[in-house]
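Notes follow once the structure below has been shown.
None of these values were measured; they are calculated from a predicted model.
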Amino acid sequence: METTKVDVMKEILAKLQDLLHNQEVLIEKFAKIQIQLFENPDAELEEFLNDLSNSQSERHDTLKEFIENYEMKINAAEL
């Protein structure tokens with residue numbers, strides 16, 4: 001069976017969705033560590049995690065938006 005452009009796009013989409021899921025897992029782990037810091041405060045670590053978490057959240061939002069647009073591109077290509 002011949003691989004079409006849409007097939008390749010769907011494979012890429014699946015990988016992008018996997019990346020999105022991995023980013024969600026990272027964000028959850030940051031949150032768990034931040035909760036632990038309530039019991040064991042460390043200002044330096046807290047600041048580092050906040051910066052990292054904010055950066056990761058922004059990347060997550062950007063990737064999520066891209067995936068939504070890419071899905072629409074695939075849907076249009078299937079017509």
Residues that [X] engages under side chain to side chain donor-acceptor pair (under 3.5 Å), provided they are two or more places apart:
| X | answer |
| --- | --- |
| Asn54 | none |
| Thr4 | Asp7 |
| Gln36 | none |

Please report the interatomic distance [atom1]([X]) to [atom2]([Y]), rounded to the nearest 0.5 Å.
| X | Y | atom1 | atom2 | result |
| --- | --- | --- | --- | --- |
| Glu58 | Leu63 | CD | CG | 13.5 Å |
| Leu20 | His60 | CG | NE2 | 4.0 Å |
| Ile27 | Ser53 | CD1 | OG | 6.5 Å |
| Ile35 | Phe30 | CD1 | CZ | 14.0 Å |
| Ile33 | Phe48 | CD1 | CZ | 9.5 Å |

**Message:** Applying side-chain contact (heavy atoms from CB on, under 4.5 Å), can you list everything that pairs with Ser55, at least two apart in sequence or on another chain?
**Reply:**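 Ser55 satisfies side-chain contact (heavy atoms from CB on, under 4.5 Å) with Arg59 once adjacent residues are dropped.
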**Asked** So which pairs with a foot in residues 27-48 pass salt bridge (charged side-chain N to carboxylate O under 4.0 Å, His left out), sequence neighbours left out?
**Response**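 Applying salt bridge (charged side-chain N to carboxylate O under 4.0 Å, His left out) to every pair that reaches into residues 27-48, excluding sequence neighbours, yields nothing.
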**Minimum side-chain heavy-atom gap Leu49-Leu37 below 4.5 Å** =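 Side chain of Leu49 against side chain of Leu37, heavy atoms only: contact under 4.5 Å found.
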**Message:** How close do Ile67 and Leu16 get, counting heavy atoms only, and between which atoms?
**Reply:**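 In this case the closest contact between Ile67 and Leu16 is CD1-O, 3.4 Å.
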Under 3.5 Å donor-acceptor pairs involving side-chain atoms of residues 69-79, not counting sequence neighbours:
{"unit_1": "Asn69", "atom_1": "ND2", "unit_2": "Glu65", "atom_2": "O", "d": "3.4"}
{"unit_1": "Glu71", "atom_1": "OE2", "unit_2": "Gln17", "atom_2": "NE2", "d": "3.2"}
{"unit_1": "Asn75", "atom_1": "ND2", "unit_2": "Glu71", "atom_2": "O", "d": "3.3"}
{"unit_1": "Glu78", "atom_1": "OE2", "unit_2": "Lys10", "atom_2": "NZ", "d": "2.6"}

**Item:** Shared hydrophobic cluster for Val6 and Phe66 (ILVMFWY, side-chain gaps under 4.5 Å)
**Value:**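 Yes, it is one cluster - the side chains of Val6 and Phe66 are joined through contacts under 4.5 Å.
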